[in-house]
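Chain letters run A, B, ... following the sequence lines, proteins first, then strands; residues in each count from 1.
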Number of protein chains: 2
Amino acid sequence: MTAHKQQMEQQAKRPLRADTERTVQTILEAAERVLAADPAATMGQLAQAAGVARTTVHRRFATREALLDELTGWAARQFADAVDSARPDAAPPLVALYQVTANVLRVKTDWSFAMNRTADDAHPEAARIHAEVRATCIRLFSRSQEAGVLRPDIDLDWTRRVYYALIHEAAKEGAGGGDTDSLATRVVDTLLRGAGAPAGLAGQTGI
Amino acid sequence: MTAHKQQMEQQAKRPLRADTERTVQTILEAAERVLAADPAATMGQLAQAAGVARTTVHRRFATREALLDELTGWAARQFADAVDSARPDAAPPLVALYQVTANVLRVKTDWSFAMNRTADDAHPEAARIHAEVRATCIRLFSRSQEAGVLRPDIDLDWTRRVYYALIHEAAKEGAGGGDTDSLATRVVDTLLRGAGAPAGLAGQTGI
DNA sequence: CATACTTGCATCACGTGTGTTGCATGTCTT
DNA sequence: AAGACATGCAACACACGTGATGCAAGTATG
C-alpha cells in the first residue's frame, strides 16, 4: 500500500546499479537530523548533510514537500510499529503503558522532527496512522480505567494529550542519548501519580 | 530600561500627531494574531491584518526580526506580570499555584505565538525574564514541597517542565475562548494527582 | 570492452520575500 | 491658512531558495 512503499519495494527488487534506495534512506536520515535542528533548512543543507549534491536530492524527491511527506510517512509508520509492538490491546494495562512509553520514546528521540510534524491533510496516510494510534491509546486508557489503574472520572482525551505532552517532554531530555527506560518510568509515574503528595497528610494547609 | 521600553515611553510622552504608538500596538496585536495561525506569514500579511501598508510596518520596525523581537519582549513582560500578580512568593502554595495557572492561561491564549517563541540569545531581556519566571516557579514548587502539597522526592525541574507542558496543552484547548478557571483547575488537578487511581484499590491487577 | 546508469557540477529561469525610496495625499497642530 | 508629520502607493534592487537542464566523469553490469 501507499505509493511510497510501492516505490521503495520496486527499487529494492530491481538488481540495479547498486545503492539507489540506500541513497534515499541516507538522504532521509540526514534530513531528519538537520531538520530537527533547523526546520527551515534548505535543500542544499540537507544535501550537504547527506553527502550528496543538491541535484541528486531533487532526483529522488521531486519537490521539498515530497521529501517532507516521505519523512512524515516514515516516522508515522515507525510510530505505529512502536505502539503496536507493545501489544497495547492485549498486555496488562500497566505493562502495556510502560512498554508503549518506552518504545515511543526510543523512536521519538531519533525522529523528533518528522514526528512532531502535523500531518495535516497533506499526507492522508500519516494522518490515518496517527488517528489509529490515538484510538489505540484511548482503548488502552479505557482498559486501564476498567482495571482500576486510571481513575474512572477522568477525561480520556485530556489524559491522552497529557500523556503525549509528557512523552514529548521526556524525549527532549533524552535527546542526547539518555536512559530510555528510566525516562519511561518517570513519564508513567508522573502520569499516574502526578507531583502532589497523597491527600490527607499533615501539611495540607494550602487552601 | 531596555531599548524597547525607552522607545515606547519616548513616543508616548511626545504629544505628536496622534497615534504613532497606537499604530505600533495595532501592528503587534495583528502580528500576534496572524503569526499564531501561520508562523511564516509575510510582512505583507501582517500589514494587511493590521490595516496598514507594508511600508508603514517597515517604518516602525526596521526588519522582520525587530518586529518579532518586539513581540517576544512584550509577551515575556506580560508573562512575568501574570505570574507576579499571583503573589507566587507570598500566597499559600495551593492558592498561588492555582492563581498563577489561571493568569498565565489567560495571557497564553492571547499570545500563543510570541510566548512559545524561544527567546534564544537574540533577545537577552526576554531570556532573562523567562529565567526569572522559571526561578519563581521553582521557588513556588519548593514552598509547595515544604507545605506538603508536593511530594518531597520529586525532581523540581522535571515538575516545572511538566507544569509548563500542561499549561501549554490547556491553552491550546482554551484558544477558542474557553473557561480559563476550569482549565486552570484541570491543570493543577492533573499536576497534583495525575490520572491514576489511588494506590491500594481493588482492581490494581496491572502488574 | 561496451553499455547502461547514476552522480556531481555548473548554469539558468522563476518566484517570492525583504528592505528602500520618492512622491502625493491626508490630518493634526499652531 | 501654513507647516509638520504620518500614511498609502508604486516602484525598485537585492538576496535566497526552488526546480530544471545539459554535460562530463565514474562505476557496475552484460
Side-chain angles (χ1 to χ4, degrees), chain A residues 7-72 113 117 122-123, chain B residues 3 7-72 113 117 122:
Chain A
Q7 176 193 350
M8 286 196 63
E9 286 164 359
Q10 176 184 340
Q11 289 185 348
K13 79 178 54 165
R14 187 172 9 149
L16 77 178
R17 210 44 68 261
D19 37 21
T20 65
E21 81 289 346
R22 207 172 70 191
T23 304
V24 175
Q25 183 152 341
T26 303
I27 293 175
L28 286 177
E29 289 172 351
E32 161 59 38
R33 206 169 37 240
V34 175
L35 289 171
D38 175 20
T42 69
M43 295 291 270
Q45 294 174 283
L46 304 187
Q48 186 179 6
V52 298
R54 191 171 64 93
T55 46
T56 303
V57 179
H58 273 109
R59 285 195 187 95
R60 301 299 177 210
F61 306 96
T63 73
R64 178 194 168 90
E65 264 306 299
L67 196 162
L68 265 52
D69 284 357
E70 193 66 33
L71 256 187
T72 60
F113 169 79
R117 192 169 152 70
H123 201 146
Chain B
Q7 177 194 350
M8 286 196 63
E9 287 165 0
Q10 177 184 344
Q11 288 186 348
K13 77 179 53 164
R14 186 168 19 146
L16 76 181
R17 210 43 69 260
D19 36 21
T20 66
E21 82 289 348
R22 207 172 69 193
T23 305
V24 175
Q25 184 150 343
T26 304
I27 293 175
L28 287 177
E29 289 172 353
E32 161 59 39
R33 205 169 37 238
V34 175
L35 289 171
D38 175 19
T42 70
M43 295 290 270
Q45 294 175 285
L46 305 186
Q48 187 181 8
V52 298
R54 189 171 66 92
T55 48
T56 302
V57 179
H58 274 108
R59 284 196 189 93
R60 302 299 178 211
F61 307 96
T63 73
R64 178 196 168 90
E65 265 305 299
L67 196 161
L68 264 52
D69 284 356
E70 193 67 34
L71 255 187
T72 59
F113 169 79
R117 190 171 153 71

NZ/NE/NH1/NH2 to OD/OE distance under 4.0 Å, B/Asp38 and B/Arg33:
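Looking at B/Arg33 together with B/Asp38, the answer is no, because their closest N to O distance does not fall below 4.0 Å.
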- Item | Under-4.0 Å salt bridge between B/Asp69 and B/Arg64 |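 No.
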Main-chain N/O of A/Phe113 paired with A/Glu32 side-chain donor or acceptor, under 3.5 Å
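Yes, because the side chain of A/Glu32 sits within donor-acceptor range (under 3.5 Å) of the backbone of A/Phe113.
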Fill in: Distance (rounded to the nearest 0.5 Å) between B/Thr72 OG1 and B/Arg117 CZ
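The distance works out to 5.5 Å.
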Round to a whole Å and report the spacing from [atom1] of [X] to [atom2] of [N].
X       : N      : atom1 : atom2 : result
A/Arg60 : C/dC5  : CZ    : P     : 13 Å
B/His58 : C/dT18 : NE2   : P     : 7 Å
B/Gln48 : D/dC9  : CD    : P     : 11 Å
B/Ile27 : D/dA6  : CD1   : C1'   : 12 Å
B/Leu68 : C/dT18 : CG    : P     : 10 Å
A/Leu67 : D/dG19 : CG    : C1'   : 14 Å

Worksheet item: Could one point to a donor on the side chain of B/Arg59 or the base of D/dG8 with an acceptor on the other under 3.5 Å away?
Response: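 Side chain to base: pair present.
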Are side-chain heavy atoms of B/Thr63 and B/Leu68 found at a separation under 4.5 Å?
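No, side chains not in contact.
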Taking side chain as C-beta onward, heavy atoms only, is B/Gln25 less than 4.5 Å from B/Leu28?
->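 Heavy-atom side-chain distance check fails, nothing below 4.5 Å.
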Would you indicate, yes or no, if C/dG8 has its OP1 or OP2 atom less than 4.0 angstrom from a side-chain nitrogen or oxygen of A/Thr56?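 For A/Thr56, the contact criterion (side-chain N or O under 4.0 Å from OP1 or OP2 of C/dG8) is met.
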Margin query: Looking at D/dA6, I'd like to know if its phosphate oxygens (OP1 or OP2) sit under 4.0 Å from a side-chain N or O belonging to B/Thr23.
Written below: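 So the side-chain polar atoms of B/Thr23 never come under 4.0 Å of the phosphate oxygens OP1 or OP2 of D/dA6.
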Looking only at heavy atoms, what is the nearest atom pair of B/Thr23 and B/Val52, with distance?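 Closest approach of B/Thr23 to B/Val52: CG2-CG1, 4.5 Å.
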| field | Given D/dG8, D/dG19, D/dG22, the nucleotide with the shortest approach to the side chain of A/Arg64 | value |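 The nucleotide sitting nearest to the side chain is D/dG19.
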Using a heavy-atom distance cut-off of less than 4.0 Å, which residues of residues 34-47 of chain A contact DNA chain D?
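Within residues 34-47 of chain A, the residues near DNA chain D are A/Thr42, A/Met43.
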Side-chain donor-acceptor contacts of residues 40-50 of chain B below 3.5 Å, not counting sequence neighbours, with atom names and distances?
unit_1: B/Thr42; atom_1: OG1; unit_2: B/Gly44; atom_2: N; d: 3.4
unit_1: B/Thr42; atom_1: OG1; unit_2: B/Gln45; atom_2: N; d: 3.2
unit_1: B/Gln45; atom_1: OE1; unit_2: B/Thr42; atom_2: N; d: 2.8

| query | Nearest nucleotide by nearest heavy atom, which residue falls closer to the 5' end of DNA chain C, A/Val52 or B/Phe61? | reply |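 Nearest-nucleotide comparison on DNA chain C picks A/Val52.
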With 3.5 Å as the limit, what N/O pairs link the protein to nucleotides 11-13 of chain C?
none

